**Q** 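Sharing a structure with you now.
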Amino acid sequence: MERTHFQRALSDFVYDMASGGAICHLTDLGYTVKQIRESLDYPTPYERIQKTVWKHLLDTGVVTPLEQGEAREKVEYVREYDRYGKPSFRRVTVPVSSPEPSSPRLLCRFGLVKYKDPERYREVLEALSPRQAEYIDGLPWGVESVWHRADKRMLEIYHTLERAGLSQGVCFFETGE
């Protein structure tokens with residue numbers, strides 16, 4: 001079991017060095033999952049990019065679970081040296097705080113619509129600009145509702161859906177408590 005943790009930590013470390021850091025950086029710059037895949041020098045599976053982007057959005061508070069009070073943790077591996085200089089890794093969990101509940105946010109149900117009503121999901125994507133649709137379709141939405149920070153991109157998506165009469169049940173604007 002200890003070997004499995006080490007192998008996973010080593011695999012994650014190699015992935016972070018090869019692609020993970022670049023994926024997070026490109027996500028912060030506003031790239032979609034498809035654009036990130038096209039920009040990477042190291043071949044990385046699309047699903048792995050999606051998961052890395054989603055985790056980064058969760059870690060940075062851009063996306064938060066519907067339950068605001070839910071405590072979340074981020075796992076990190078810390079390199080330590082024994083008295084002989086031999087390195088080892090120790091697993092450390094660090095609490096991740098949610099953004100202020102009063103900050104503007106959107107309640108998103110794209111995953112629920114995608115899996116429960118694929119025809120409506122296709123309608124929603126067609127109403128969006130190609131780049132907006134690429135962003136929404138590139139994220140691995142689950143069936144649960146999530147909060148998304150009301151940044152410029154998501155506000156544009158919301159307003160586009162609102163004008164098309166498709167925001168109902170898909171994306172709601174909230175100003176907070």
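This one's a predicted model, so the numbers in the text were calculated from it and none came from an experiment.
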**Q** Taking 4.0 angstrom as the limit, do K51 and E47 come out as a salt bridge?
**A** no
**Q** Once you round to the nearest 0.5 Å, how far does CZ of R131 lie from CD1 of I136?
**A** 12.5 Å
**Q** Could you state the interatomic distance from CG (D151) to CD1 (I157), rounded to the nearest 0.5 Å?
**A** 8.0 Å
**Q** To the nearest 0.5 Å, tell me how far C24 SG sits from K55 NZ.
**A** 8.0 Å
**Q** Taking the side chain as C-beta and beyond, is there a heavy-atom pair between V33 and Y46 under 4.5 Å?
**A** yes
**Q** Give the intermediate values and the outcome of side-chain contact (heavy atoms from CB on, under 4.5 Å) for residues D137 and Y121.
**A** CA-CA 9 Å; D137 201 38; Y121 181 73; 2.8 Å; yes
**Q** Tell me, do M154 and H148 make a side-chain contact under 4.5 Å, heavy atoms counted?
**A** yes
**Q** List the steps, then state whether side-chain contact (heavy atoms from CB on, under 4.5 Å) holds for L106 with W147.
**A** CA-CA 5 Å; L106 295 158; W147 294 111; over 6 Å; no
**Q** Do I36 and T52 touch side chain to side chain, with heavy atoms closer than 4.5 Å?
**A** no
**Q** Step by step, would you call I49 with L40 a side-chain contact (heavy atoms from CB on, under 4.5 Å)?
**A** CA-CA 10 Å; I49 297 169; L40 293 176; 3.9 Å; yes
**Q** Is the number of heavy atoms from other residues, nucleotides or ligands within 6.0 Å of CG (D82) greater than 12?
**A** yes
**Q** Are the side chains of Y31 and S39 in touch, meaning some heavy atoms are under 4.5 Å apart?
**A** yes
**Q** How far apart are the closest heavy atoms of P118 and Y115, and which atoms are they?
**A** CD-O, 4.4 Å
**Q** For a quick test of reading the model, state the closest non-hydrogen atom pair linking R109 to G169 and the distance between them.
**A** CB-O, 3.6 Å
**Q** What do the steps show when you test S88 against E80 for side-chain hydrogen bond (donor to acceptor under 3.5 Å, both in side chains), and what is the final call?
**A** CA-CA 5 Å; S88 63; E80 296 177 336; 4.9 Å; no
**Q** What about L107 and L112, same hydrophobic cluster or not, with Ile/Leu/Val/Met/Phe/Trp/Tyr joined at side-chain heavy-atom distances under 4.5 Å?
**A** no
**Q** Working note: I23 + H56, criterion side-chain contact (heavy atoms from CB on, under 4.5 Å); need CA distance, chi angles, decisive distance, verdict.
**A** CA-CA 9 Å; I23 291 171; H56 183 66; over 6 Å; no
**Q** For E119, does the CD atom have more than 12 heavy-atom neighbours from other residues, nucleotides or ligands under 6.0 Å away?
**A** no
**Q** The criterion is salt bridge (Lys or Arg N to Asp or Glu O under 4.0 Å); which residues satisfy it with R83, sequence neighbours excluded?
**A** none
**Q** Can you tell me how far the NZ atom of K34 sits from the CD atom of E134, to the nearest 0.5 Å?
**A** 5.0 Å
**Q** What is the distance from atom CZ of F89 to atom NE2 of H5, rounded to the nearest 0.5 Å?
**A** 15.0 Å
**Q** Going from CG on D59 to OG1 on T64, what distance comes out if it is rounded to the nearest 0.5 angstrom?
**A** 12.5 Å
**Q** Y135 ring centre to R153 NZ or CZ under 6.0 Å, with the angle to the axis within 45°?
**A** yes
**Q** Does W54 have any ring-ring contact (aromatic ring centres under 6.0 Å, His included) partners at least two apart in sequence or in another chain, and if so, which?
**A** W141
**Q** Please report the closest heavy-atom contact between S19 and T44, naming both atoms and the distance.
**A** OG-OG1, 2.8 Å
**Q** Treat each ILVMFWY residue as a node, draw an edge where side-chain heavy atoms are under 4.5 Å apart, and state whether L155 and L128 are in one component.
**A** yes
**Q** With hydrophobic residues grouped by side-chain heavy-atom distances under 4.5 Å, do V78 and Y81 end up in a single group?
**A** no
**Q** Let me check something: do L66 and V143 share a hydrophobic cluster, defined by ILVMFWY side-chain heavy atoms less than 4.5 Å apart, either directly or through other members?
**A** no
**Q** Where is the tightest heavy-atom contact between C171 and F110, given as atom of each residue plus distance?
**A** CB-CZ, 4.1 Å
**Q** Would you say E38's side chain and Q35's backbone share a donor-acceptor pair under 3.5 angstrom?
**A** no
**Q** Side chain of Q50, backbone of G138: donor and acceptor closer than 3.5 Å?
**A** yes
**Q** Backbone N or O of L166 within a donor-acceptor pair of the R120 side chain at under 3.5 Å?
**A** yes
